[in-house]
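Just below is one structure, and these are the notes that go with it.
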Amino acid sequence: MALRFEVLGRFNRARAARLTLPHFTCQTPLFMPVGTQGTIKGLTTDQLETIGCQIILGNTYHLELRPGSQLIDDLGGLHKFMNWKRALLTDSGGFQMVSLLHLADITEEGVTFQSPVDGKPMLLTPEESIHIQNNIGADIIMALDDVVKTTITGPRIEEAMYRTLRWIDRCISAHKKPDVQNLFGIVQGGLDPVLRDICVRGLVERNLPGYAIGGLAGGEDKDSFWRVVAQCTAGLPEDKPRYVMGVGYPLDIVVCSALGADMYDCVYPTRTARFGTALVPEGVLKLKQNAMATDERPIDPSCSCMVCKNYTRAYLHCLVTKDPMGSQLLSYHNLSFMMRLSRDLHMSILEGRFPEFVRGFLRVQVCLVPSSVA
């Protein structure tokens with residue numbers, strides 16, 4: 001095991017912790033931006049350090065397609081390749097079973113993808129997924145799981161959960177670098193509490209360095225989503241990190257942190273930036289709207305990021321409608337917002353004011369709808 005997880009403070013189920021990884025010591029709760037192919041679009045690694053990013057997520061499937069994990073390994077690993085001195089996490093490629101389902105064929109052996117690059121078939125087995133991730137060299141690597149949308153019902157959910165448990169053993173056996181890379185298992189089971197409980201207990205028996213809650217944020221209603229997170233965090237070990245995959249809406253992060261989760265990732269902050277939308281305490285600010293054209297205020301007067309210090313809404317309105325620099329500046333701001341949210345959650349738990357923080361967060365979100373931010 002190549003990590004240390006120390007809970008520093010609690011409020012009920014919420015916890016603030018120190019997560020020590022081979023390349024960086026992190027504070028949780030934390031949000032991880034998604035750098036699919038070793039980059040956050042439009043931002044440098046120096047900028048990501050400046051805003052307080054602790055872990056970047058890389059995508060195993062896409063990195064293997066291009067430039068290839070063997071080349072990354074030959075050049076010293078992904079940290080050196082992308083000039084990132086802090087922590088990295090790689091997913092297993094399993095999510096592509098859902099996102100590229102039209103290109104995938106799932107069997108007990110693994111998943112066969114048709115490459116979107118050249119059309120050639122690529123077989124991703126649990127062993128191959130771990131081999132690729134060992135080459136890439138991230139601090140945290142994810143087990144290959146059988147992923148299905150939560151909106152699917154019937155025997156496919158049960159099949160995927162039991163296959164996920166069988167595959168974790170193959171991943172553990174294939175993992176060649178447990179002294180420098182931490183293998184996390186992923187809880188599956190859809191919205192079925194019985195299947196989720198079986199999967200939680202099965203993974204905990206394997207005594208892994210950390211655990212993820214997968215198969216959510218795929219169209220299910222919020223009550224069902226939060227219920228599954230609450231159930232899984234209650235069953236996972238107190239002394240291991242808990243990672244809710246694919247979660248990036250600020251409200252979801254606050255609620256999941258209250259339920260005892262520690263880590264999150266999502267493309268949402270950067271993807272919504274590319275559509276001209278900024279994250280603000282009240283919700284979102286749509287900078288493409290005509291009302292922004294003459295607005296001399298910053299995106300968020302309470303934000304100290306480089307964008308809010310130097311640029312007006314009017315200037316950004318001009319950029320987001322015509323120039324790629326607009327999406328770069330909004331990505332910088334949106335990730336700054338997520339890093340600040342992570343720090344605020346951590347400190348509010350440590351300082352015993354988590355309930356006040358949550359009430360304040362919800363008061364602003366609920367009382368002001370996004371359109372009133374203009």
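If you read the sequence from its start, that first residue is 1, and numbering goes on from there.
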Say whether, by atom type as modelled, one donor and one acceptor occur between the side chain of K149 and the main chain of G218 under 3.5 angstrom.
no
Short N-O contact, D223 and R227, less than 4.0 angstrom:
no
Are there more than 12 heavy atoms of other residues, nucleotides or ligands under 6.0 Å from atom CZ of R274?
yes
Sole candidate of R340, H333, R313 that passes side chain to side chain donor-acceptor pair (under 3.5 Å) when paired with D300
R340
Ignoring hydrogens and angles, tell me if any N or O in the side chain of H79 forms a donor-acceptor pair with the backbone of K85 under 3.5 Å.
no
Hey, which of E238, R13, R242, R15 is the one that makes side chain to side chain donor-acceptor pair (under 3.5 Å) with T233?
R13
Can a side-chain donor-acceptor contact be found between N207 and K240 if the only test is distance below 3.5 angstrom?
yes
Would Q133 and S129 count as a side chain to side chain donor-acceptor pair (under 3.5 Å) if you check the C-alpha gap in whole Å, the side-chain angles of each, and the deciding distance to 0.1 Å?
CA-CA 6 Å; Q133 293 184 81; S129 173; 3.2 Å; yes
Rounded to the nearest 0.5 Å, the CZ atom of F113 sits from the CG atom of D105 at a distance of 10.0 Å
Regarding N134 and Q181, is there a side-chain donor-to-acceptor distance under 3.5 Å anywhere?
yes
T312 side chain to E296 side chain, donor-acceptor N/O pair below 3.5 angstrom:
no
Are C256 and F225 close enough that some pair of their side-chain heavy atoms sits under 4.5 Å apart?
yes
Going by side chain to side chain contact (heavy atoms under 4.5 Å, CB included), I136 matches just one of D73, T90, N59. Which one?
T90
Mind checking whether Y249 and Y268 have parallel, tilted or perpendicular rings, split at 30° and 60°?
perpendicular
Is a donor from one side chain sitting under 3.5 angstrom from an acceptor on the other, for S257 and Y264?
yes
Looking only at side-chain N and O atoms, does E49 offer a donor or acceptor that is under 3.5 Å from a partner on T45?
no
